[in-house]
Amino acid sequence: MSGTVVMKFGGTSVADSARIKRAAARIVSRREEGARVVVVLSARGKETDRLIAAALEVSDQPDPREMDMLLSTGERVSCALCAMAINDLGHRAISLTGSQAGIVTDTSHTKARILDVRADRIRAGLEEDRIVLVAGFQGVSTTKDVTTLGRGGSDTTAVALAAAVGADVCEIYTDVAGVFSADPRIVPDARKLDLVSFDEMLEMSASGAGVLQLRSVEYARNHGVRIHCRSSFQDASGTIVVPPEEIVEQPLITAVTHSTGEARVTLKGVPDTPGIAGRVTTALAVANVNIDMIIQNEPVSGGRLADMSFTIPKDEVAEARGALASIRDEFDIEILTDDGMGKVSIVGAGMKSHPGVAAKVFTTLGDQGINIEMISTSPIRISCVVPVDRVPDAVRALHAAFELSGPDTIRPEQPFGEFA
Ligand code: ASP
Ligand code: MG
């Protein structure tokens with residue numbers, strides 16, 4: 001008997017009736033090949049953005065619980081419509097909300113984490129020879145409230161269901177042909193990657209590649225779920241995300257990623273005593289501000305005041321200032337912010353065993369006259385914060401310097417909405 005597959009379609013792939021019908025046809029043909037099919041759908045097109053805007057029209061700070069009641073509707077609409085289209089193709093479909101599908105989360109509204117998947121209702125549907133459609137991006141909390149999983153969360157729904165039903169593969173159908181060696185909107189000859197390891201994909205998602213939600217990759221790695229990220233508009237195979245052991249020929253560098261929308265916060269005149277860094281970061285954590293890079297300059301020879309800088313998403317600057325206000329007053333610290341920052345990163349498992357990669361990155365950026373504001377590294381990633389207007393140049397220069405556009409460059413199709 002053929003195995004089970006999870007097929008997830010992103011917002012652009014179900015944006016209008018024609019696309020829903022096209023997705024339905026693709027789902028049905030997968031079923032007719034013999035696979036048991038679980039489908040996860042995103043909200044149509046920009047529906048989630050519209051719902052958020054609607055909430056902000058009636059309330060400055062919408063109640064998070066009600067926000068989740070609202071946002072979870074988008075994916076339900078997609079699933080019900082697609083189930084109707086599948087039924088009309090002569091197959092039996094059933095759509096389920098996240099809650100009905102047994103996705104249990106914690107109670108943190110608008111960014112809940114999946115705790116458990118009780119997939120008996122999905123299994124029962126499959127046993128009845130149905131195609132089971134599950135609304136992405138949502139679940140039910142341990143206190144029985146509807147929750148959502150954060151932007152891009154349908155990817156995580158799909159991976160979690162794939163793990164729960166023991167699917168052979170979790171297929172993510174999107175509007176790009178796969179994962180690229182850089183954003184093709186910036187580097188037109190970026191190469192489609194055939195295989196990427198979980199570890200590299202984690203670093204890529206965390207440093208700006210928008211194809212897969214970071215948590216979905218984490219979940220896939222923890223549960224050993226293979227992800228096949230592919231185009232919903234063409235048949236060609238896309239990018240498969242696999243355990244690192246499966247990558248035989250590891251290139252030195254796999255991809256260049258970037259993000260815009262970063263801000264740097266500098267605290268000037270921080271007392272150089274134990275415990276201060278802990279207080280600063282705790283205050284930010286309590287306010288739910290996500291810190292990325294952190295640098296602290298120890299005072300040189302004898303001084304007692306240090307400078308501390310870190311980056312945060314630029315739309316969290318106000319929260320950060322608020323969270324740090326009392327520490328600022330207590331120690332007479334000066335807080336400076338600059339929200340014109342971007343970040344460019346290179347990712348590649350091959351750099352672990354190769355000296356000189358950092359030197360090449362910094363030299364390449366230097367040759368372009370691009371000032372590096374901050375640097376952070378992991379064993380398989382080097383990231384530089386640079387002025388946001390230089391990000392495209394930085395991406396192109398690094399992509400060229402590490403010769404990432406291979407001979408078999410595949411040109412992606414338009415549009416690239418979900419890549420961003
Ligand atoms: N519709 C949600 C969003 O736009 C979830 C998703 O599409 O994955 O973030
Ligand atoms: Mg997405």
Side-chain angles (χ1 to χ4, degrees), residues 6-16 19-20 23 39-56 62 64 67-82 95 97-98 101 103 105 108-114 133-139 146-162 170-180 183 185 201-202 204-206 208-220 227-233 238-239 241 257 259 261 313 315 412 415-420:
V6 172
M7 303 173 79
K8 180 254 169 180
F9 290 84
T12 42
S13 309
V14 291
D16 53 34
R19 289 188 182 189
I20 288 185
V39 177
V40 173
L41 298 182
S42 289
R44 294 189 295 166
K46 297 259 169 275
E47 180 62 11
T48 307
D49 293 336
R50 272 195 292 276
L51 292 170
I52 292 172
L56 293 174
M67 198 67 182
D68 279 349
M69 286 298 283
L70 178 72
L71 295 186
S72 58
T73 60
E75 331 330 83
R76 292 174 60 164
V77 170
S78 303
C79 282
L81 292 173
C82 191
S95 67
T97 64
I103 296 173
T105 72
S108 46
H109 283 291
T110 74
K111 46 181 181 296
R113 272 183 183 273
I114 296 177
L133 294 100
V134 178
F137 166 64
Q138 57 187 272
V146 172
T147 49
T148 62
L149 308 179
R151 300 307 307 266
S154 299
D155 295 338
T156 304
T157 305
V159 171
L161 292 183
C170 178
E171 297 182 331
I172 306 276
Y173 288 85
T174 180
D175 56 4
V176 286
V179 180
F180 283 78
D183 185 335
R185 288 170 298 189
M201 197 63 231
L202 264 181
M204 289 171 66
S205 288
V211 216
L212 292 171
Q213 197 203 29
L214 176 58
R215 279 190 187 171
S216 73
V217 187
E218 250 166 28
Y219 206 104
I227 299 179
H228 184 177
C229 189
R230 59 193 306 187
S231 165
S232 57
F233 306 116
T239 303
V241 188
T257 55
S259 63
D315 51 12
F416 300 116
E418 283 180 54
F419 200 93

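All of these numbers come straight from a predicted model, not from anything done at the bench. In what follows, every heavy atom counts, from backbone to side chain, and hydrogens, waters and symmetry copies are set aside. As the structure lists them, so they are numbered: ligands from 1, and atoms in each ligand from 1.
Residue Gly152 has at least one heavy-atom neighbour below 4.0 Å for each of these atoms of ligand 1: 3 (C), 5 (C), 6 (C), 8 (O), 9 (O). Interface atoms of ligand 1 facing Ser154, defined by a heavy-atom separation under 4.0 Å, are 5 (C), 6 (C), 7 (O), 8 (O). Which parts of ligand 1 touch Arg151 is read off a 4.0 Å heavy-atom cut-off, strictly below it: atoms 3 (C), 4 (O), 9 (O).
Between Glu218 and Arg215 there is no salt bridge, since none of the side-chain N atoms of the basic residue sits less than 4.0 Å from a carboxylate O of the acidic one.
Using a 4.0 Å cut-off between heavy atoms, Glu75 contacts ligand 1 through its side chain alone, with no backbone atom that close.
Protein heavy atom closest to atom 1 (N) of ligand 1, with residue, atom name and distance, is Thr48 OG1, 2.8 Å. In terms of protein heavy-atom proximity, atom 7 (O) of ligand 1 is closest to Ser42 OG, 3.0 Å.
Using modelled atom types, one side-chain atom of Ser72 and one backbone atom of Met69 make a donor-acceptor pair closer than 3.5 Å.
Taking distance alone, with nitrogen or oxygen atoms compared against 3.5 Å, Lys8 stays at or beyond that limit from ligand 1.
In this structure, a donor-acceptor pair under 3.5 Å is absent between the side chains of Thr147 and Asp68.
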For this session: Could you walk me through whether Leu41 and Glu75 pass the side chain to side chain contact (heavy atoms under 4.5 Å, CB included) test, one step at a time?
Result: CA-CA 6 Å; Leu41 298 182; Glu75 331 330 83; 5.7 Å; no
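With sequence neighbours excluded, no residue satisfies side chain to side chain donor-acceptor pair (under 3.5 Å) with Ser216. For Ser108, the side chain to side chain donor-acceptor pair (under 3.5 Å) partners are Asp106, not counting sequence neighbours.
Within the 4.0 Å heavy-atom shell around ligand 1 one finds Gly153.
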